[in-house]
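By convention in this document, chain letters (A, B, ...) are assigned in the order of the sequence lines, proteins followed by strands, and residues within each chain are numbered from 1.
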Number of protein chains: 2
Amino acid sequence: MIENEIFRALGDPTRRTIFEKLAAGGMNASALRDGMEISQPAMSQHLSVLRNARLVREERQGRFVNYEVDPQGLALIARWLAKYRAYWPARIDALKIMLKDMDQ
Amino acid sequence: MIENEIFRALGDPTRRTIFEKLAAGGMNASALRDGMEISQPAMSQHLSVLRNARLVREERQGRFVNYEVDPQGLALIARWLAKYRAYWPARIDALKIMLKDMDQ
DNA sequence: AATTAACATAAGTCCATACTTATGCGATTG
DNA sequence: CAATCGCATAAGTATGGACTTATGTTAATT
C-alpha cells in the first residue's frame, strides 16, 4: 500500500520542506542541506523515505545525485483525494484554482 | 501547522479505513468498530487524531456521538496539492475525473 | 595510486505513537 | 436511583521512527 508510505513521508515537516525545495527546482543532496541545519546522513535517510513514497526520484550525475519531484506520488494523492470529491465544498478556492489552471 | 496533523493522521492504515467508512456515510463510534477488530479505546483515540486533523467531525446525539467526514481536512489537502500542480502530468486520469466532476 | 568529495548504510539512542487494561463520565433505561 | 450503555481519558508497554556517530562506496582530483 503505497498510500501509506506517501502520507507517512509527508507527515514529517522536515521532509515536506525538502519536497518544497525540490518543487522549486531539482538539486543534489548537498545543495538541499544549505540553510537547513540537518546532518548529511539525516538528509540521505529523508530522501530515501521520499523516494520510496514515489514523491521524489534520483538521477545519478557523476558523484552527485540529482533529486527532483516525482509526479507519481502527487498523482497518487490526487487519485486518493478524488475518491472523496463528494465532500469537497464547491466553493473551496483551491479547487477553483486547480480548475482554472488545468483549463489552459 | 495543521498539514502535519493531516498527513500524520492519514499515515496510519487503520485511520484511513475509518475515514473511508465515514466517507460512505456518517455513523457512531460503535458502528465504526463493526468488522474491524479494534478495541473501543483504540477507536476513540483514532477518532481523536482524525478530529484534530479536521478530517472528521463529531455531533453529539444523546449518548451516541455521530461522526462524519469534515470537508476542511480534504480541502486543506487539495490546497497543499495545488501548490505543486506544475508537476501533475496532464494525462493523469484522476485529474480528468476531478475536472469533469467539478464542471457540473 | 592516493586522496578527497558526495552520498549511502549500519548501529545505537531517544522520543513519539499505537496499543493495552482500567477507570471516569454523561445520558438512557429499568 | 441504580444499573447500563456509549464513549473518553489515564497510565503503562512495546514498537517504530528520527536522529546521532561511525564507516563503506563510488567517482573525481591530484
Side-chain angles (χ1 to χ4, degrees), chain A residues 1-22 25-70 73 77, chain B residues 1-22 24-70 73:
Chain A
M1 187 64 44
I2 184 80
E3 284 164 2
N4 216 57
E5 298 173 15
I6 292 180
F7 286 123
R8 285 210 325 93
L10 293 174
D12 183 85
T14 303
R15 279 194 292 265
R16 281 201 311 282
T17 299
I18 295 170
F19 183 83
E20 279 176 35
K21 286 186 107 176
L22 288 177
M27 65 183 90
N28 60 52
S30 296
L32 274 169
R33 290 182 60 205
D34 290 354
M36 268 200 73
E37 277 194 46
I38 184 175
S39 72
Q40 179 268 317
M43 174 59 76
S44 186
Q45 287 158 19
H46 280 308
L47 287 170
S48 173
V49 172
L50 288 168
R51 218 182 321 117
N52 289 333
R54 302 275 184 258
L55 282 163
V56 143
R57 63 187 173 200
E58 65 173 46
E59 186 187 348
R60 261 265 164 204
Q61 281 176 351
R63 67 179 160 180
F64 294 82
V65 177
N66 202 272
Y67 281 92
E68 59 184 6
V69 166
D70 186 344
I77 297 177
Chain B
M1 188 63 47
I2 184 78
E3 285 163 2
N4 216 57
E5 298 174 15
I6 291 180
F7 286 123
R8 285 208 324 93
L10 292 174
D12 183 85
T14 303
R15 279 194 291 265
R16 281 202 311 282
T17 299
I18 294 170
F19 184 82
E20 278 176 35
K21 288 186 105 175
L22 287 177
M27 66 182 89
N28 60 53
S30 296
L32 274 170
R33 290 182 59 206
D34 290 353
M36 267 200 73
E37 277 194 47
I38 184 174
S39 71
Q40 179 268 316
M43 174 59 77
S44 185
Q45 287 159 17
H46 279 308
L47 287 170
S48 173
V49 172
L50 288 168
R51 217 180 324 116
N52 290 332
R54 303 273 183 259
L55 282 163
V56 144
R57 63 186 173 200
E58 66 174 45
E59 187 186 346
R60 260 263 164 203
Q61 281 175 351
R63 67 178 161 182
F64 295 83
V65 176
N66 202 273
Y67 280 92
E68 59 184 7
V69 166
D70 186 343

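No side-chain donor-acceptor contact under 3.5 Å links B:Ser44 to the backbone of B:Gln40. Looking only at distances, a side-chain donor or acceptor of B:Arg15 sits under 3.5 Å from a matching main-chain atom of B:Ala9. The main-chain N or O of B:Gly62 is found under 3.5 Å from a side-chain atom of B:Arg60 such that the two form a donor-acceptor pair.
Residues B:Asn4 and A:Arg16 are in side-chain contact: their nearest non-hydrogen atoms beyond the backbone lie under 4.5 Å apart. Between A:Asp34 and A:Met27 there is no side-chain heavy-atom pair separated by less than 4.5 Å.
As rounded to whole Å, 10 Å separates atom P of C:dT9 from atom CG of A:Asn52. In this structure, A:Asn66 atom CG and D:dA27 atom C1' are separated by 16 Å, rounded to whole Å. Atom pair B:Gln61:CD and C:dG26:C1' shows a separation of 16 Å (rounding to whole Å applied). Taking atom CZ of residue B:Arg63 and atom C1' of nucleotide D:dG6, one finds them 7 Å apart after rounding to whole Å. The CD1-C1' distance, from A:Ile18 to D:dA18, rounds to 12 Å in whole Å. The CG-P distance, from A:Leu47 to C:dA6, rounds to 15 Å in whole Å. Rounded to a whole Å, the CG atom of B:Leu10 is 16 Å from the C1' atom of C:dT17. One interatomic measurement links the two molecules: CD of A:Glu59 to P of C:dA6, which rounds to 18 Å at whole-angstrom precision.
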For nucleotides 18-23 of chain C, list the nitrogen or oxygen atoms of the protein found under 3.5 Å from its nitrogen or oxygen atoms, one pair per line.
{"residue": "C:dA18", "atom": "OP2", "partner": "B:Arg15", "partner atom": "NH1", "Å": "3.0"}
{"residue": "C:dA18", "atom": "OP2", "partner": "B:Arg15", "partner atom": "NH2", "Å": "3.0"}
{"residue": "C:dC19", "atom": "OP2", "partner": "B:His46", "partner atom": "NE2", "Å": "2.2"}
{"residue": "C:dT20", "atom": "OP2", "partner": "B:Ser39", "partner atom": "OG", "Å": "2.9"}
{"residue": "C:dT20", "atom": "O4", "partner": "B:Gln45", "partner atom": "NE2", "Å": "3.0"}

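When each of B:Leu50, B:Leu22, B:Ile18, B:Asn28 is checked for a side-chain contact (heavy atoms from CB on, under 4.5 Å) with B:Tyr67, only B:Leu22 meets the rule.
Other residues, nucleotides and ligands place no more than 12 heavy atoms under 6.0 Å from the CZ atom of A:Arg54. Within a 6.0 Å sphere centred on CD of B:Glu37, other residues, nucleotides and ligands contribute 12 heavy atoms or fewer.
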Verdict with reasoning, A:Glu3 to B:Leu10, per side-chain contact (heavy atoms from CB on, under 4.5 Å): CA-CA 9 Å; A:Glu3 284 164 2; B:Leu10 292 174; over 6 Å; no
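At a non-hydrogen distance threshold of 4.0 Å, nothing from residues 26-34 of chain A comes into contact with DNA chain D.
At D:dA8, one or more side-chain N or O atoms of B:Tyr67 fall inside 4.0 Å of OP1 or OP2 (strictly under the cut-off). Between B:Arg51 and the phosphate of D:dC7, there is no side-chain N or O to OP1/OP2 separation shorter than 4.0 Å.
With C:dC7, D:dA28, D:dC7 as the choices, the nucleotide that has an atom nearest any side-chain atom of A:Phe64 turns out to be C:dC7.
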